[in-house]
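Remarks on the structure that follows.
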Amino acid sequence: MAVGESRTKITAYVQTATLTLPKNHDRQMPRYNPAEIEPKWQQFWEEKRTFATPEMPSGEKMYVLDMFPYPSGDGLHVGHPEGYTATDIVCRYARMQGKSVLHPMGFDAFGLPAEEHAIKTGTPPRVQTEKNIANFTRQLKMLGFSYDWERQIATTDIEYVRWTQWIFLQVYDTWYDREQQRGRPIAELPIPAEISAAGAEAVREYQDEHRLAYLNEAPVNWCPALGTVLANEEVIDGKSERGGHPVQRIPLKQWMMRITDYADRLESDLEGLDWSEGIKARQRNWIGRSTGAEVDFYIGAADKLADWKTSRAAGGFPRKPSDNVLRVYTTRPDTLFGATYMVIAPEHPLVDALTTSEQSAAVKAYCDKAASKSDLERTELAKEKTGVFSGSYAINPVNDEKTPIWIADYVLISYGTGAIMAVPAHDERDFEFAQTFDIPVIAVVDPGESKDVERAEVLAGKVCSTVDGVAINSGKYDGTPTSEFKGKIAEDLTTAGLGRTAVNYKLRDWLFSRQRFWGEPFPILKELDADGVPNGKILPVPVDQLPVNLPHLEDFKPLGRPEPPLEKASHDWLYPIIDGVKYKRETNTMPQWAGSCWYYLRFIDPTNDQVLIDREKEKAWMPVDLYIGGAEHAVLHLLYARFWHKVLFDRGVVGTAEPFQKLVNQGMILGELEYTGYQTAAGRWVSHNKTKTDAAGERIDPKTSEPVAAVKLEADAVEKQGDSFVLKADASVKIDARAMKMSKSRGNVVNPDIVVKEYGADSLRLYEMFMGPLEATKPWSMAGVSGVRNFLDRVWRLIVDDFAETTTLLAAVQEIEPTAEQNKVIHRTIEAVTRDLSRLEFNTPIARMMEFTNFFTKEEVRPKSAMKSLVLMLSAYAPHIAEELWAVLGESETLAYHPWPQFDEKFTKDDEIEIPVQILGKIRSKIVVAADISKADLEKAALADERIQTLIVGKQIVKAIVVPGRLVNFVVK
RNA sequence: GCCGAAGUGGCGGAAUUGGCAGACGCGCUGGAUUCAAAAUCCAGUUCUCGCAAGGGAGUGUGGGUUCGAUUCCCACCUUCGGCACCA
């Protein structure tokens, strides 16, 4: 920025007009000029390898990780540097405390946008990706983060892909031993005698069934119009995001990962982690563990019921249900006596067997309709319960009641056993269904008298109640409290061989394949028979032949079939021949999660070509001590990464059970505060809270049904009245005042490049921290950036002679001892800044440094040592200006490893302090007393105060609360 | 509906966790400097009554505990984020 240009009066995102410069300001002066000093110091750090990390830590280690970005074509947005600045401050602070800091950065570079770009332009995704990475790298370096750039990795690096594929093979080679609760090599899987007897083929199939990575039919979003399979986020309301074409769910053979086997450990290990309760809650909720019971209802021939029960009592509850039973899962086995019907999902394997001939037409029609419904239709739109009677009955094991079996899509095939016993009296959904189809409701839990339960209605089956109570209508169990009943009945069912306790999860196995080009190829070969058809045998690519690279393609257009684009690869790539056997490569690719699941490990040993990570280095650096990133990854990324880490832990690749010890989610940065009014076409204003959104999604005035348009208003057109903003011109019109998510379509995106150009990187960093607590959602404000830039200007002028020809130290900065008052400011600032930083509170230290600066600006003589302390603290936030000032203060080395300033309590304490004196809790006076005054003396001093004297005349002091160092409060009558 | 986070001046936010509400910054007002601006520096700025000294109210709403509540408890309202027929 040229000297003398206006920089603080920027109202929009562009600079206001340049002013003509007067003569006396036309000369070159050593003003604070970030455009000059920032690139200078960035170059210095790079050339001197200032932030290169040693292979092994010496002394205390600190691994601080950012969630690495997807290098999009748009470049960084201001949300990225928020977390990155926070971690950078932590790292710079830690280095100055003498810790060995690992602070790497890389790129999560596979993904859809690069492939979309390739389809459109024909440019290979790798080319575009490398361009984007170069741009991201430029932007990140421009912000002065202290990454060890020599460790940079991208998930698309061929050497990185190699180890991603290697991990896949590890997962493929692992089965989960439930008894030992850990993953073990597939070679150690015990093979049952009858399987071994059936031959090698049977053994292989048995092993494949137990691998953590396995093939399964799973539905994909196939869009015939686009000729491609879409990701879930590309499907909106059952239509493609691009073009709005219909999307069908079709089954496709896909790779899955058995994450559900690790559900228990993924949940229970959360406990030891230093994560916010909110994030833990979200993970727990996603895993969705529930406990209950599986119960078998007899559906075989009626005259064999007694035999069946006898055999069950003798043989116990079988692992897999036989054909003559319907197995259900319930969390409320205590309500078994209230089951008045059963429901199975339309996809349940017993649908055909249970459908009677009279019902077959109706059932077929219902199931066909259910199959064609999208997930959305089955959930959101399904306000009314639907279903059809199968014609069959099951026998309730506790009372031998004949219970009708229905087919309804409110029961999901993918959860529990895909079948339920319905207890309308004590389950909302069952109650709704029973109401619709006129099915009896029998209360079996007496909720007791309570103000929020209509007990009589519940007992009469008129309303549904899900609360605990005491059993009724439950035979010998009558009178048993709910919680006790649950345990008792599970025990009795187990004894009778009719049920067992069971655990279920909402978490599903992980769909691990994508029908895309731009992802890691699977290191998997499928053996072909003589006719060129896969025979089901799978050959993992030997480890020494990794990586499997992506083949060259002429173009990246979709095939027009659901198969992945790799089907277009040359036959050389697609059909390798090994030992005379012809194979076909797996043509699915891995999801973007794959690369981001383990990058934190590779940063520790990024160039190792022998192993994924050296065990000694892993031991020295893991776990990640601080992991900061957006909350959008709170569930999936963190869950998948934890899952892989646990598999690697079980297989001895790593020595830690959890990868991320402390996790912090940065809050979202919103656009600038906006004032929005609503106006009809005729120009009539409508208060924003009176408008409604109609069925078509249009905003209307519900009184007249006229559509209203949003009008953006300037701040001076509105004013605050009570709790809301109103139009200045018409106070009856309420205005919506809020900050919105940044988005291209709204036009409120802030580009860091422009902020750096206008204010400098240090100002951007400082502002992002000054906005508020890291974890809070906060609105952007350019005026705020200008404010912190102003502060940096003040710091500059505190130390640098603004009127000298060259950048020289101000004469006011001298080698002298600070005065007592100055020492108090210095040491209190160090104390507060240090304390707040250690708690990851980044906004308040800036305020303290501002106070420091305001104080010393008024001091005519400024001790050099004080200036150094400020510069050292500031360097964590604004490293460029700090390095420059450090040099001005006469230092020749970087300050990056200079010891962090220490405070001394003897300077932070006051000799005399002001104590408020209250009467009946209201402050009536203040007295100045010695800091170490005794309780009795403090009370005496308070009583002696003139004003207090006059106020308590004629009153009786009932009680005196005296808190030394805090206050005095007199309770009077 | 369920889970989570949060409500403090015109705005962003602070308050050593029960002890002076509004630090710091933005904005605004006034002053100094200037021929005049810009920049800079100084002072003021929760609302309200008052010329003033001083008084009253005040941390989403209503209640409670306490000498004392932004902070703890109960109920409710609003906003934001997430999940959503999970038996």
Side-chain angles (χ1 to χ4, degrees), chain A residues 4-9 19-22 25 276-282 284-286 288 290 292 328-332 343 378-380 382 385 408-412 414-417 419-423 427-430 432-433 504-508 631-632 634-635 667-668 670 673 715 718-720 723 725 737-739 767 770-773 775-788 790-791 793-794 797 802 831-832 835 843-844 846-851 854 857-858 914-923 926 958-961 963 965-972:
Chain A
E5 278 182 5
S6 140
R7 72 167 95 83
T8 46
K9 276 288 174 186
L19 297 150
T20 342
L21 301 173
H25 278 75
S276 73
E277 277 312 308
I279 292 298
K280 286 189 188 178
R282 276 171 71 177
R284 281 198 196 98
N285 185 276
W286 192 263
S290 75
V328 301
Y329 171 72
T330 179
T331 56
R332 293 293 301 272
V343 185
R378 280 185 66 159
T379 57
E380 197 123 333
K385 295 267 182 297
D409 64 5
Y410 82 91
V411 169
L412 309 174
S414 49
Y415 185 77
T417 59
I420 62 160
M421 62 165 201
V423 186
D427 183 285
E428 308 263 4
R429 296 149 304 182
D430 296 345
E432 262 178 57
F433 189 88
N504 256 297
Y505 305 93
K506 286 198 240 178
L507 183 71
R508 304 291 145 80
E632 66 272 23
V635 177
M668 209 191 322
L670 305 174
L673 182 69
V718 300
E719 63 187 349
K720 187 132 186 193
D723 284 338
F725 280 89
R738 67 175 70 209
Y767 174 65
F770 192 55
M771 291 171 86
E775 299 190 65
T777 304
K778 311 162 281 268
W780 186 266
S781 156
M782 273 303 175
V785 187
S786 172
V788 294
N790 204 22
F791 162 62
D793 280 322
R794 283 166 68 81
R797 288 194 299 268
D802 216 8
E831 181 183 32
R835 169 178 30 85
N843 50 337
T844 43
I846 301 173
R848 299 287 87 81
M849 289 190 279
M850 284 172 168
E851 284 172 318
N854 291 344
T857 295
K858 287 172 194 162
E914 194 183 54
I915 297 284
V917 183
Q918 302 181 333
I919 292 173
L920 287 169
K922 297 203 174 196
I923 295 161
K926 287 176 184 180
V958 183
K959 196 172 171 187
I961 293 102
V963 186
R966 286 271 182 237
L967 57 27
V968 180
N969 185 14
F970 294 113
V971 185
V972 298

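The structure displayed is predicted, hence computed values, not measured ones. Letters A, B, ... mirror the listed sequences (proteins, then strands); counts begin at 1.
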task = With rounding to the nearest 0.5 Å, note down the distance linking OH in A:Y415 to CG in A:L507.
result = 11.0 Å
ask   = Given the P atoms of B:rC11 and B:rG31, what is the spacing between them in whole Å?
value = 27 Å
ask   = Considering only the P atoms, how many Å lie between B:rU59 and B:rC20, rounded to the nearest integer?
value = 15 Å
message = What's the gap between B:rU71 and B:rA75 when it is taken at their P atoms, as a whole Å value?
response = 16 Å
key: Span that lies between the P atom of B:rC26 and that of B:rU33, in whole angstrom   = 24 Å
query = Distance between the P atoms of B:rC47 and B:rA39, in whole angstroms?
reply = 25 Å
ask   = How far apart are the closest heavy atoms of A:L920 and A:V971, and which atoms are they?
value = CD2-CG1, 4.1 Å
ask   = For every nucleotide of nucleotides 54-72 of chain B, 5' to 3': is a protein heavy atom under 4.0 Å from its base (B), only from its sugar-phosphate (S), or from neither (-)?
value = SSSS---------B-----
key: A:R794 versus A:N854, closest heavy-atom pair with distance   = NH2-OD1, 2.6 Å
query = What is the glycosidic conformation of B:rU48: syn, defined as within 90° of 0, or anti?
reply = anti
Tabulate protein N/O versus nucleotide N/O from nucleotides 7-14 of chain B, keeping only pairs under 3.5 Å, one per line.
from: B:rC11; atom 1: OP1; to: A:K720; atom 2: NZ; distance (Å): 3.0
from: B:rG12; atom 1: O2'; to: A:M771; atom 2: O; distance (Å): 2.8
from: B:rA14; atom 1: OP1; to: A:N843; atom 2: ND2; distance (Å): 2.9

query = Looking across every strand, which nucleic acid part, if any, lies under 4.0 Å from A:K858 by heavy atom: base, sugar-phosphate, or nothing?
reply = sugar-phosphate
inquiry  = Could you report the tightest heavy-atom contact between A:A419 and A:V411, atom names first, then the distance?
reply    = N-CG1, 4.1 Å
ask   = Taking CH2 from A:W286 and C1' from B:rG81, how many angstroms apart are they, rounded to a whole number?
value = 14 Å
Rounded distance (nearest 0.5 Å) linking atom CD1 of A:I279 with atom CZ of A:R284 = 11.5 Å
request  = State the pairing partner of B:rA14; accept Watson-Crick or G-U wobble contacts with both distances under 3.5 Å, and report none otherwise.
outcome  = none
Under 3.5 Å on both distances, the Watson-Crick or G-U partner of B:rG62 = B:rC74
remark   = note: A:E719, atom CD; B:rC28, atom C1'; distance rounded to Å ~ 15 Å
A:L412 CG to B:rA87 P, straight-line distance once rounded to whole Å = 10 Å
inquiry  = Could you report the tightest heavy-atom contact between A:F970 and A:V917, atom names first, then the distance?
reply    = CE1-CG1, 3.8 Å
request  = Would you mind pulling out the nucleotide paired to B:rU45, Watson-Crick or G-U wobble, both distances under 3.5 Å?
outcome  = B:rG27
inquiry  = Under 4.0 Å, counting only non-hydrogen atoms across every strand here, what does A:S781 touch: a base, just sugar-phosphate, or nothing?
reply    = nothing
request  = Considering non-hydrogen atoms only, spot the tightest contact between A:P773 and A:K778 and give its length.
outcome  = O-NZ, 2.9 Å
ask   = Within this structure, what is the OH-to-P distance between A:Y415 and B:rA87, rounded to whole angstrom?
value = 4 Å
request  = If B:rA52 has a Watson-Crick or G-U wobble mate with both distances under 3.5 Å, name it; if not, just say none.
outcome  = none
message = Considering every strand and a 4.0 Å limit on heavy-atom distances, what is the contact class for A:E914: base, sugar-phosphate, or nothing?
response = base
inquiry  = Using a heavy-atom cut-off of 4.0 Å across all strands, would you classify A:R284 as base, sugar-phosphate, or nothing?
reply    = nothing
task = Could you give the distance separating B:rU8 and B:rU70 at their P atoms, to the nearest angstrom?
result = 15 Å
ask   = Relative to each other, are the rings of A:F433 and A:Y410 parallel, tilted or perpendicular (30° and 60° limits)?
value = tilted
task = Using the C1' atom on both, measure B:rA21 against B:rU46 and round to a whole Å.
result = 10 Å
task = Answer with yes or no whether A:R966 presents, from its side chain, a donor or acceptor under 3.5 Å of a partner atom in the base of B:rU16.
result = yes
request  = Determine the contact category for A:R794: base if any of its heavy atoms lies under 4.0 Å from a base atom, sugar-phosphate if only primed atoms, P, OP1 or OP2 are that close, otherwise nothing.
outcome  = sugar-phosphate
remark   = A:V343 and A:A422 have their tightest heavy-atom pair at CG2-CB, 4.5 Å
request  = Please check if the side chain of A:Y767 supplies one atom and the backbone of A:M782 the other of a donor-acceptor pair under 3.5 Å.
outcome  = no
task = Just call it for A:S414: base, sugar-phosphate, or nothing, with non-hydrogen atoms closer than 4.0 Å on any strand.
result = nothing
note = Across all chains, not counting sequence neighbours, the ring pair (Phe, Tyr, Trp, His ring centres under 6.0 Å) partners of A:F791 are none
request  = Tell me whether the OP1 or OP2 atom of B:rA5 has a side-chain N or O from A:R282 closer than 4.0 Å.
outcome  = no
inquiry  = With a 3.5 Å limit on both atom pairs, tell me what B:rG19 is paired to, counting Watson-Crick and G-U wobble, or say none.
reply    = B:rC67
message = Which is more 5' along RNA chain B, the nucleotide nearest A:V635 or the one nearest A:E851? Just name the residue.
response = A:E851
ask   = Given atom CE of A:M668 and atom C1' of B:rG82, what is their separation to the nearest angstrom?
value = 11 Å
query = Can you check the A:M850 CE to B:rC24 P distance for me, whole Å?
reply = 10 Å
Side chain A:K385 and base B:rC85 donor-acceptor under 3.5 Å = yes
request  = Can you tell me the distance, in whole Å, between the CD atom of A:E775 and the P atom of B:rC80?
outcome  = 20 Å
request  = Answer syn or anti for B:rG9, where the cut-off is 90° from 0 on the glycosidic torsion.
outcome  = syn
message = Would you say A:R797 places a side-chain N or O within less than 4.0 Å of OP1 or OP2 belonging to B:rA39?
response = no
note = The residue, A:K506 or A:P916, whose nearest nucleotide of RNA chain B is more 5′ is A:P916
query = Does A:N854 place a side-chain N or O at less than 4.0 Å from the phosphate oxygens OP1/OP2 of B:rG25?
reply = yes
message = What is the separation between atom CG on A:N504 and atom C1' on B:rC85, rounded to the nearest whole Å?
response = 15 Å
inquiry  = Suppose we define a pair by two distances each less than 3.5 Å, Watson-Crick or G-U wobble; what does B:rC80 pair with here?
reply    = B:rG4
query = B:rA84 and B:rU48: how far apart are their P atoms, nearest whole angstrom?
reply = 49 Å
query = Okay, side chain of A:N504, backbone of A:S290: is any donor-acceptor separation there less than 3.5 Å?
reply = no
request  = Could you check which nucleotide pairs with B:rU33 in any of the strands shown, counting Watson-Crick or G-U wobble with both distances under 3.5 Å?
outcome  = none
Pairwise side-chain contact, A:N969 with A:K959, heavy-atom cut-off 4.5 Å (strictly under) = no
